[in-house]
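Labels below follow one simple rule: chain letters A, B, ... track the order of the sequence lines, proteins then strands, and each chain is numbered from 1. Not measured: the values here are computed from a predicted model.
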Amino acid sequence: MSARDLDGAVGREVRVHGAVQRIRRLSWGAFVVLRRHDGLLQCVVAAGVEAADLDALREGQYVRVTGEVRQASLKDASISPRNVEVHASSIECLLDPVEPLRIDLTKKVLDLHIDTNLDNRPVSLRHPVERARLRISEGLGRAFREYHSAQGFTEIRTPKICFAGAEGGANIFKVQYFDREAFLAQSPQFYKQMGVAVFERVFEVGPVFRAEPHQTSRHINEYTSLDLEMGFIDSFHDVMAMEIGYLRAAMGLLASEYAPELEMLEADLPEVPAALPSVRLEEAHEIAGSMSGQDFSGEPDLDPEEERLLCEHSLREWGSEFLFVTHFPSSKRPFYTMDDPERPGETLSFDLLFRGLEITTGGQRIHGYQEQAAKLMAFGLDPAGFESYLMAHRAGLPPHGGLAIGLERLTARILRVENIRLACMFPRDVKRLVP
RNA sequence: GGACCGGUAGUUCAAUUCGGUUAGAGCACCGGCCUGUCACGCCGGAAGUUGCGGGUUCGAGUCCCGUCCGGUCCGCCA
């Protein structure tokens, strides 16, 4: 029985099951809040109801409650629905935990060190706030699928065990693959591009792996990439427009179907203007420079301080919490990125900044075989090592481009969670391989 | 790879410039009370090898050396 169904069942007898999230004992009985598949439900258990041994009732037990649905008016935002409660006529224990919970799940906030939280993830995830964060992340992934499916994209699944990395460099995990060495995918980039020739528009929601030994609140070594690639674009602005469409759809879906979670998390969804501000990297450096007094000009990338400054500026001057930065230098972008014919040394690429953090990278790709082979060599790479990739170029690719959004980063910034790990069910970082 | 910071009860934190009696508090836990709670409330209780090893000292959670573990930020990136 869903929360919505309970809403319409006032006066009826229902049977529900769940885990005991918290018990508030009073002299006449207790309020017992159940954790269920789609929210917390308050039950009222008077002392002496059938099969109910209130003294034996413990947080963490799994129970089945039978009772009448009655109207209520509850103040606790973690409970959903809040306009009904179940007055138990019987309560049956299905399972007793073998040890008391190691973490206090009854309070409004989990007052834990992030490390304690993550070490105890099998339990801490049962807290309403942690659960709600994962639901928001799920909603963003769901919106990505729904929106792009409606836009004519085909969902693809590409291998995560690869012969070579898409981005090159040392940040790739090696794995033993029978009698050979293989690598964990850093990106579905090559496969997406091949997919463009098959379906014109493709997307994938999947894990990517980065072996960088970074230790910050915005990096994990396995994250979920919301990837897309689209053919027959006129410019990379088509890709940016698609992202705007997605963000608008995603915020709409969250507002309509994830309202209880958003309310509990006290989240403020960003407005997504129909057109987002966009500046070239050079201009971005100037803006950040004038705000901080530092000189960023000539830097090939944005540093984290600039990302924060630029977002502040974008909100104040243009009323947008999102800001595109374009035209990163060729040297800083992968070899498949198309150069701007009008601006030598610059690429037709973009990042999207949101609330102080880079959440997306994208751009137009090189589709011509000769151009791609030439740029590979200019990067000091051997085209022979990219044979199957270049096969697609030789067989012909339409003009195309795409992007990748870091799901955990997007989730974390929407919820204003400081550490990306808290937007992830079981984060992997340099120090953390379990749980 | 670099810079900074930290490790005290199950947990989150205290512990007075410069070292000083028996290392405290909130929450959780245990016992009792409370006719409707909303992070319930009230009374009581138990709970610690101060990460580990060594040193200085009459005396070390506090100072010094070593060691282990971790966090934040930077580089790099989503």
Side-chain angles (χ1 to χ4, degrees), chain A residues 21-33 40 42-47 55 58-60 70 72-79 82 85 87 99-120 123-124 127-129 167-172 186-189 207-227 264 299-305 307-308 328 332-334 350-354 357-362 403-413 418-421 423-424 429-432:
Chain A
Q21 186 78 21
R22 50 180 176 255
I23 304 168
R24 268 195 262 283
R25 297 173 196 279
L26 291 97
S27 60
W28 52 267
F31 293 101
V32 177
V33 174
L40 299 185
Q42 175 161 293
C43 299
V44 182
V45 184
D55 291 337
R58 291 281 178 279
E59 277 145 11
R70 291 191 202 164
S73 180
L74 304 178
K75 300 170 202 161
D76 184 338
S78 70
I79 293 177
R82 289 211 291 280
E85 62 189 6
H87 285 246
E99 62 176 12
L101 297 181
R102 310 155 64 106
I103 287 178
D104 183 8
L105 299 175
T106 69
K107 292 293 185 270
K108 192 173 178 179
V109 293
L110 258 185
D111 187 17
L112 295 179
H113 252 163
I114 186 165
D115 217 33
T116 308
N117 182 330
L118 297 177
D119 284 343
N120 294 281
V123 180
S124 66
H127 188 275
V129 166
E167 318 286 333
N171 60 345
I172 186 161
Q186 299 162 298
S187 155
Q189 184 61 34
V208 294
F209 306 88
R210 301 284 167 93
E212 288 149 3
H214 32 43
Q215 184 102 5
T216 78
S217 57
R218 63 182 186 284
H219 289 96
I220 44 182
N221 294 289
E222 174 180 354
Y223 67 90
T224 303
S225 186
L226 305 177
D227 259 281
M264 187 199 321
E299 290 297 321
D301 207 346
L302 296 170
D303 81 25
E305 179 60 17
E307 293 178 1
R308 289 184 279 270
F328 289 83
K332 278 310 263 195
R333 289 282 160 149
F350 64 88
D351 278 1
L352 181 63
L353 306 184
F354 171 50
L357 189 62
E358 173 187 338
I359 57 164
T360 298
T361 288
L403 57 78
I405 303 171
L407 174 62
E408 293 83 356
R409 283 193 176 183
L410 178 58
T411 306
R413 293 327 298 144
E418 284 311 313
N419 196 311
I420 188 182
R421 280 156 247 249
C424 182
D429 63 36
V430 177
K431 297 290 167 67
R432 185 171 299 281

Sugar-phosphate, base or nothing in reach of A:Ser78, heavy atoms under 4.0 Å: nothing

ring-ring contact (aromatic ring centres under 6.0 Å, His included) against A:His113, all qualifying residues, sequence neighbours excluded: none

Pairwise P distance for B:C43 and B:C34, with rounding to whole Å: 15 Å

Results of side chain to side chain contact (heavy atoms under 4.5 Å, CB included) for A:Ser78 - residues two or more places apart only: A:Arg22, A:Leu40, A:Asp76, A:Pro128, A:Met264

Atom-to-atom span, CD1 of A:Ile23 to P of B:C38 - whole angstrom: 16 Å

Phosphate OP1/OP2 of B:A28: any A:Lys107 side-chain N/O under 4.0 Å: yes

For RNA chain B, the dot-bracket pattern of Watson-Crick and G-U pairs whose distances stay under 3.5 Å, | for other-strand partners: (((((((..((((......[...)))).(((((.......))))).....(((((..]....))))))))))))....

Rounded distance in Å between the P positions of B:A9 and B:A47: 15 Å

Atom P, compared across B:G51 and B:A60: separation rounded to whole Å: 15 Å

Sugar-phosphate only, base, or nothing, as touched by A:Ile220 at under 4.0 Å among non-hydrogen atoms: base

A:Asp76 CG - B:C38 C1' separation (whole Å): 5 Å

For atom CG of A:Asp119 and atom P of B:G70, their distance in whole Å: 10 Å

Check: A:Leu110 and A:Asn117 side chains under 4.5 Å, non-hydrogen atoms: yes

Spacing of the C1' atoms in B:G7 and B:U12 (rounded, Å): 14 Å

Inter-nucleotide C1' distance (B:A23, B:U62), Å rounded: 11 Å

Under the ring-ring contact (aromatic ring centres under 6.0 Å, His included) test, residues paired with A:Phe209 that sit two or more places apart: none

Donor-acceptor under 3.5 Å (A:Arg210 side chain, A:Gln186 main chain): yes

Shortest non-hydrogen separation from A:Glu59 to A:Gln21 and the atoms involved: CG-O, 3.6 Å

Which residues share a side chain to side chain contact (heavy atoms under 4.5 Å, CB included) with A:Lys107, sequence neighbours left out: A:Asp104

First encountered from the 5' end of RNA chain B, between A:Arg421 and A:Leu357: A:Arg421

Phosphate OP1/OP2 of B:C27 contacted by A:Thr106 side-chain N/O (<4.0 Å): no

Pairwise 5' ranking along RNA chain B for A:Leu352 and A:Thr216, keeping only the more 5' one: A:Thr216

Residues forming a ring-ring contact (aromatic ring centres under 6.0 Å, His included) with A:Phe350, sequence neighbours excluded: A:Phe324

Contacts of type salt bridge (Lys or Arg N to Asp or Glu O under 4.0 Å), residue A:Asp351, not counting sequence neighbours: A:Arg333

Same-atom distance (C1') from B:C73 to B:A14, integer angstrom: 27 Å

Partners meeting side chain to side chain contact (heavy atoms under 4.5 Å, CB included) with A:Asp429 (sequence neighbours left out): A:Asn221, A:Arg421, A:Lys431, A:Arg432

B:C18 and B:G54, which share atom name C1', separated by this distance in whole Å: 25 Å

side-chain hydrogen bond (donor to acceptor under 3.5 Å, both in side chains) evaluation trace for A:His127 with A:Ser124: CA-CA 6 Å; A:His127 188 275; A:Ser124 66; over 6 Å; no

Atom-pair distance (CG on A:Asp301; C1' on B:A78), nearest Å: 12 Å

Rounded interatomic separation in angstrom, taking CD from A:Glu299 and C1' from B:C74: 13 Å

Side-chain N or O of A:Thr361 closer than 4.0 Å to phosphate OP1/OP2 of B:A78: yes

Donor-acceptor under 3.5 Å (A:Ser217 side chain, A:Asn419 main chain): no

Base B:C77 paired with A:His214 side chain (donor-acceptor, <3.5 Å): no

Side chain A:Gln42, main chain A:Ile79, donor-acceptor under 3.5 Å: no

Separation of B:C27 P from A:Ile103 CD1 (nearest whole Å): 19 Å

Among B:A28, B:G71, B:A78, the one nearest A:Lys431 by side-chain distance: B:G71

Length of the line joining A:His219:NE2 and B:G75:P, which is rounded to integer Å: 9 Å

Touch class at under 4.0 angstrom, heavy-atom based, for A:Gln215 against every strand present: base

Quick one: which protein N/O atoms are closer than 3.5 Å to N/O atoms of nucleotides 41-52 of chain B? Pair and distance per line, please.
none

For nucleotides 10-12 of chain B, tabulate all protein N/O to nucleotide N/O atom pairs closer than 3.5 Å, reporting atom names and distance.
{"from": "B:U12", "atom 1": "OP1", "to": "A:His113", "atom 2": "N", "distance (Å)": "3.0"}
{"from": "B:U12", "atom 1": "OP1", "to": "A:Thr116", "atom 2": "OG1", "distance (Å)": "2.7"}
{"from": "B:U12", "atom 1": "O2'", "to": "A:Asp111", "atom 2": "OD2", "distance (Å)": "3.4"}

Check: A:Leu407 main-chain N/O paired with A:Thr411 side-chain donor or acceptor under 3.5 Å: yes

By side-chain hydrogen bond (donor to acceptor under 3.5 Å, both in side chains) - contacts of A:Asp303 (at least two apart): none

Rounded distance in Å - CD1 (A:Ile420) to C1' (B:U72): 15 Å

Taking N or O atoms only and anything under 3.5 Å, show me the protein contacts with nucleotides 35-37 of chain B, one pair per line.
{"from": "B:U35", "atom 1": "OP2", "to": "A:Ser27", "atom 2": "OG", "distance (Å)": "2.6"}
{"from": "B:U35", "atom 1": "O5'", "to": "A:Ser27", "atom 2": "OG", "distance (Å)": "3.0"}
{"from": "B:U35", "atom 1": "O4'", "to": "A:Trp28", "atom 2": "NE1", "distance (Å)": "3.4"}
{"from": "B:G36", "atom 1": "O6", "to": "A:His87", "atom 2": "NE2", "distance (Å)": "3.4"}
{"from": "B:G36", "atom 1": "N1", "to": "A:Glu85", "atom 2": "OE2", "distance (Å)": "2.7"}
{"from": "B:G36", "atom 1": "N2", "to": "A:Glu85", "atom 2": "OE1", "distance (Å)": "2.8"}
{"from": "B:G36", "atom 1": "N2", "to": "A:Glu85", "atom 2": "OE2", "distance (Å)": "3.0"}
{"from": "B:U37", "atom 1": "O2'", "to": "A:Arg24", "atom 2": "NE", "distance (Å)": "3.2"}
{"from": "B:U37", "atom 1": "O2", "to": "A:Arg24", "atom 2": "NE", "distance (Å)": "3.2"}
{"from": "B:U37", "atom 1": "N3", "to": "A:Gln42", "atom 2": "OE1", "distance (Å)": "3.1"}
{"from": "B:U37", "atom 1": "N3", "to": "A:Gln42", "atom 2": "NE2", "distance (Å)": "3.2"}
{"from": "B:U37", "atom 1": "O4", "to": "A:Gln42", "atom 2": "NE2", "distance (Å)": "2.6"}

Inter-residue atom distance A:Asp301.CG - A:Phe328.CZ, 0.5 Å rounding: 5.5 Å

Donor-acceptor pair under 3.5 Å, A:Arg409 side chain vs B:C77 base: yes

C1'-based separation of B:U50 from B:C42 [nearest Å]: 33 Å

